[in-house]
Every structure is written in C-alpha cells, then in structure tokens.
Amino acid sequence: MLSMSNVSPSPGTPMAASPLTRACLEIDEYAAGLGWDKPARLFALVDTARLKKQEPRLASQLGLDTDDAGKSSLTPIEQDTVPAGTPLDKFLGTIAWPDAVVGCALTVERLMLPPSAEASVPEGLSDKQLSKWVAAHPERQEVRITVAVLRDGSRESAVRLREKDSSTEVLTGGGLVPGLAEALAATFA
C-alpha cells in the first residue's frame, strides 16, 4: 500500500530550478518537517500533468487539483517504509517501477567526514569498523541526503547538515552522491 505525501513547495525553492531540483528540495523539506533520526524514505516521482489527467481523484486527494498546484511538474509519492536492518543496496535491488513512474528519490541520514579527515581513515577496516570509526571521529557531520533520479538519467541531490538545519543552507548538485544516484538509477534497469 502506498502512503501518499503531498509535498508543498519550499519557500526557498528557486522557481528557475529544474523540475527535478524542485522535487528533490520539496522532498528534503518534507523530511526536515519530520525531524531527525528517521529511517530512509523512498519516493516515486510521477508527472503531475499526467497524474491530474489520468487519476483526477488521486490528484485531488494529493491537493493537485488547483491551477498552481504541482508547479514542479513532478509529484513525489512516498512509498512503503524501507525495511529497517536491510542494507540499502540489497533493498534497492528488489525494486521495479511501473511505466507511470518517471523517477524516484530516496532520503537517508548518514555521518560524513570533511575531506581533511578522510585522509586519516585507517586502512583495512571492515564496513562495521569504519562506521564505528566515523561515528567516533570529532569532525563527523550528521547529514540528511536526498537523491532523485529520472528514467532519462537526470540526477539531483540535496544535502542538509544537522548543525545547519535550514532550507537556506541545503547544498544541491547532480553529482554530490554518485553512488546512491547510480543505485537509484539501477531500479529502472
């Protein structure tokens, strides 16, 4: 069963941004409203005009029946919960999207190190040991990462630092999280 999310545009979302950038920032803002320390969330991205035409009742339920609703032209629809304890790569490998889904997005919280600290990472650590080492590092940063991809290969990412938890401080770019973008793009293969 799908859990629908009516994500309203963020006041700081630039109108000149691409539809994918706007959808990515809208999902980031939605996740920010839920607070921190939340599980990963997966979203289908559907063409808003097509949704309004083919599923007018659903569009109405999502609040897309007004003339200015859905300006981003992509509507994020939150999917069932990502199973806790399942490695993200294994979970993403189980996903197949219907043709009506033009893209997908994932928001996940992680710990990151600045480039200056990455040089001091001990060699030969297992994934579990590396996670512990990063978690104990004094320069670690808690971040929320939102990555969105389209079937055509377009990609966008939004990164929000917990210590700068403001929509005006979100970093965006298509190449910020290439590994996660590749994994999401593979769900359309």
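- Not one N or O on the side chain of Glu169 forms a donor-acceptor pair closer than 3.5 Å with the backbone of Ser166.
- Listed by chain and residue number, nothing satisfies the side chain to side chain donor-acceptor pair (under 3.5 Å) test with Thr172 (two or more places apart in sequence, or in another chain).
- Put simply, the side chain of Glu109 reaches to within 4.5 Å of the side chain of Lys38, judged on heavy atoms.
- Arg151 and Pro98 make their closest contact through NH2-O, 2.8 Å (heavy atoms, listed as atom of the first residue, atom of the second, distance).
- Residues Ile145 and Phe91 fall within the same hydrophobic cluster, defined by Ile, Leu, Val, Met, Phe, Trp and Tyr side chains chained together at heavy-atom separations under 4.5 Å.
- Val82 places none of its side-chain heavy atoms less than 4.5 Å from the side chain of Pro39.
- One finds a salt bridge joining Arg160 and Glu29 here, because a Lys/Arg side-chain nitrogen approaches an Asp/Glu carboxylate oxygen to under 4.0 Å.
- With Leu74 as the fixed residue, the side-chain contact (heavy atoms from CB on, under 4.5 Å) test singles out one of Ile27, Leu150, Val46: Leu150.
- Between Val149 and Ala185, the closest heavy-atom pair is CG2-N, 3.8 Å.
- Of all heavy-atom pairs between Ala158 and Cys24, the closest is N-SG, 3.7 Å.
- Residues in residues 110-153 take part in these ring pair (Phe, Tyr, Trp, His ring centres under 6.0 Å) pairs, two or more places apart or across chains: Trp133-His137.
- Side-chain contact between Leu45 and Leu20 is present, with heavy atoms from C-beta onward closer than 4.5 Å.
- The two residues Ala40 and Val108 come nearest to each other via the heavy atoms CB-CG2, 4.1 Å.
- At distances below 3.5 Å, not a single donor-acceptor pair connects side-chain atoms of Ser60 with backbone N or O atoms of Pro56.
- When atom types are taken as modelled, the side chain of Glu55 and the backbone of Lys53 share no donor-acceptor pair closer than 3.5 angstrom.
- Partner of Arg162 under the side-chain contact (heavy atoms from CB on, under 4.5 Å) criterion, out of Val143, Leu111, Asp37: Asp37 alone.
- Arg144 contributes a side-chain N or O that, together with a main-chain N or O of Gly35, makes up a donor-acceptor pair within less than 3.5 Å.
- Using bins of under 30°, 30° to 60° and over 60° for the plane-to-plane angle, the ring pair Trp97/Phe188 lands in the parallel bin.
- Checking side-chain atoms of Arg41 against main-chain N and O of Thr107 turns up no donor-acceptor pair under 3.5 Å.
- Atom CD of Glu139 and atom OG of Ser116 lie 4.5 Å apart (nearest 0.5 Å).
- Nearest heavy-atom pair, Ala44 versus Gln79, reported as atom, atom and distance to 0.1 Å: CB-NE2, 3.5 Å.
- The distance from atom CG of Leu171 to atom CG of Leu161, rounded to the nearest 0.5 Å, is 8.5 Å.
- Residues Leu176 and Leu92 share a hydrophobic cluster, clusters being chains of Ile/Leu/Val/Met/Phe/Trp/Tyr side chains in contact below 4.5 Å.
- A donor-acceptor pair is defined here as one N or O able to donate and one able to accept, closer than 3.5 Å; no such pair exists between the side chain of Glu78 and the backbone of Leu42.
- One hydrophobic cluster, built from ILVMFWY side chains closer than 4.5 Å, cannot hold both Met112 and Val121; they sit in different ones.
- When the shell of 6.0 Å around CG of Asp127 is examined, it contains 12 or fewer heavy atoms from other residues, nucleotides or ligands.
- Under the 4.5 Å side-chain heavy-atom criterion for grouping Ile, Leu, Val, Met, Phe, Trp and Tyr, Leu88 is connected to Val159 within one hydrophobic cluster.
- In this structure, the side chains of Thr86 and Thr94 stay at 4.5 Å or more apart for every pair of heavy atoms.
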